[in-house]
Asks: 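Dumping the structure here so I can ask a few things about it.
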Amino acid sequence: MRGAIVMRPLDPGALLTEVSAPANGAAVLFVGTVRDINDDRAVTALDYKAYTPMAARELEAILREAESRWDGVTVVCEHRTGELSLGDASVVIAAAHPHRAAAFDAARYVIEELKKRVPIWKREHYADGDLEWVDNGAQRAEAPR
Amino acid sequence: MRGAIVMRPLDPGALLTEVSAPANGAAVLFVGTVRDINDDRAVTALDYKAYTPMAARELEAILREAESRWDGVTVVCEHRTGELSLGDASVVIAAAHPHRAAAFDAARYVIEELKKRVPIWKREHYADGDLEWVDNGAQRAEAPR
Amino acid sequence: MMGFSTPVLVFARYADVLGSGTVTVELPSDATAGDVLSAVRALPGADQLPPSPLIAVNQRYAALSQPVRPGDEVALIPPVAGG
Amino acid sequence: MMGFSTPVLVFARYADVLGSGTVTVELPSDATAGDVLSAVRALPGADQLPPSPLIAVNQRYAALSQPVRPGDEVALIPPVAGG
């Protein structure tokens, strides 16, 4: 388990290598990248801002939850912050397990929980010069735990 | 959509790049590798044998099914045949879509169907010198379509 | 008993509407996270905050009943957008 | 009407038990995939095949009722193990 909030470009292949092990017959990699369109508006760039120490803490909590729900899974995640361009990877998750179901489910769990709980915000830059904070529409209404 | 049965080492990063596109905010990569243990027996190597033209045809059919079930998904798959060593990738699937659910579901669909339908066989080499054809335990009892 | 003043970290849209990434509020000595919210609501621009923004105490999401003591790290957490 | 003979591709464990990667069977002129299976069953080693092995005609899985004509590519498909 390793989670990190970083300001450098992400390297998906490095995370895939990190979770490889002789017993792990299945690895799943998730890569989230900056899209050119959101809600029908042309996006030119964006910046991610984090409450970094809490984001790292919450991300690590999610990864520990995944490793406890899917026994034997190895899972790592890096989320990038700062200014990103179109096509840049903003988040990479790699999960590996002897069996594919656990690798898929753990990777999916991490991205779903990350989008709900990890304090990271995104400001989109639009072609018309406008800037806007956007959210994932999945904020929990109640304080978790 | 691209599916291929190949005899060279697989390059997961190349497949991930292949499905990238400005509109695709999410990419999922699945990598299946040769494990060191199966049914409690130590595996030292294995070879994959395919009925290659039918395997390529059936794999392409599965990929087309995925692209029709998840509109807008781009999905590619390569399966390696021949002699593989521990840790070698035997299959790589990359799926990309504007949204993560479709990317995850399409990648998962392809590996599940591939394991049921694509005519590829695996012979494990054990530490005691024995060789054995193994199967996925999921062969369909009825002829599909 | 004496109250105390504490900084509150604010982020993203909340920082825009409150005009700063850190605001300072006065709290009673037996303060809770709910008291932090009430104090923030009295600040200029706070009318643009949602009805019940999330709050974190010492880098964990906190219930409104959670005590807040001098030295605790307190933050308002806007709807997140990671991924 | 005359029957015909056709090669049948066999793979993996089936090739091991039949002793070859291709066997040849004699079929009636109105043959079906089921007739191919019946003919294969008469070959040496075929007692080690499962009760109803899958068959492919022209690289597609075939029902037992599917016609088989001279020139068709016919194969027995053992339980697969890709992935």
Side-chain angles (χ1 to χ4, degrees), chain B residues 3 5 10 30-35 38 46-62 77-81 84 89-93 107-108 110-124 131-145, chain D residues 6-25 27 31-41 45-69 71-83:
Chain B
I5 310 299
L10 301 179
F30 175 80
V31 182
T33 53
V34 178
R35 286 197 288 151
N38 195 14
L46 51 73
D47 51 290
Y48 281 95
K49 163 117 180 112
Y51 176 14
T52 302
M54 178 171 169
R57 206 208 132 270
E58 193 70 19
L59 178 56
E60 285 167 7
I62 291 166
C77 176
E78 291 185 353
H79 198 298
R80 182 175 172 190
T81 60
L84 276 72
S90 53
V91 60
V92 177
I93 298 163
R108 184 75 186 265
V110 171
I111 185 63
E112 298 299 331
E113 291 299 306
L114 183 157
K115 283 182 168 266
K116 280 185 251 181
R117 293 160 51 183
V118 176
I120 296 177
W121 302 277
K122 176 167 67 173
R123 187 162 52 178
E124 291 183 337
L131 294 177
E132 202 166 293
W133 293 105
V134 294
D135 69 61
N136 288 338
Q139 180 84 353
R140 48 206 318 160
E142 292 296 310
R145 280 152 305 139
Chain D
T6 193
V8 177
L9 304 173
V10 287
F11 297 94
R13 190 182 289 135
Y14 294 0
D16 291 349
V17 304
L18 294 175
S20 172
T22 312
V23 296
T24 301
V25 296
L27 297 176
T32 63
D35 293 327
V36 173
L37 280 190
S38 302
V40 167
R41 290 207 171 287
D47 54 319
Q48 293 176 68
L49 294 178
S52 25
L54 290 181
I55 190 161
V57 176
N58 295 328
Q59 303 177 3
R60 293 167 191 261
Y61 290 103
L64 293 183
S65 59
Q66 183 168 323
V68 173
R69 299 187 179 87
D72 283 348
E73 181 173 313
V74 180
L76 288 192
I77 308 293
V80 303

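Chain letters run A, B, ... following the sequence lines, proteins first and then strands; every chain starts at 1.
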Asks: For B:E60, give me all partners under side chain to side chain donor-acceptor pair (under 3.5 Å), at least two apart in sequence or on another chain.
Replies: none

Asks: Which value, rounded to the nearest 0.5 Å, describes the distance between D:R13 atom CZ and B:E132 atom CD?
Replies: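 Output value for this atom pair is 7.0 Å.
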
Asks: Examine distances only and state if a side-chain atom of B:W121 and a backbone atom of D:F11 form a donor-acceptor pair shorter than 3.5 Å.
Replies: no

Asks: Which heavy atom of B:P53 sits nearest a heavy atom of D:Q59, and at what distance?
Replies: CB-NE2, 3.3 Å

Asks: Got a second to check how far B:R123's CZ is from D:D16's CG, nearest 0.5 Å?
Replies: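 Answer for the CZ-CG pair, B:R123 versus D:D16, is 6.5 Å.
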
Asks: Tell me the closest heavy-atom pair linking B:S90 and D:G83, and the distance in Å.
Replies: OG-O, 3.1 Å

Asks: Is it the case that more than 12 heavy atoms not belonging to D:R69 sit under 6.0 Å from its CZ atom?
Replies: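 Not buried by this count: 12 neighbours or fewer within 6.0 Å.
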
Asks: To the nearest 0.5 Å, what is the distance between OH on D:Y61 and CZ on B:R117?
Replies: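 Result: 8.0 Å between the selected atoms.
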
Asks: Write down the atom of D:I77, the atom of B:M54, and the distance for their closest heavy-atom approach.
Replies: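 Scanning both residues, the minimum pair turns out to be CD1-SD, 4.1 Å.
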
Asks: Is it the backbone or the side chain of B:Y48 that comes under 4.5 Å from a heavy atom of chain D, or both, or neither?
Replies: side chain

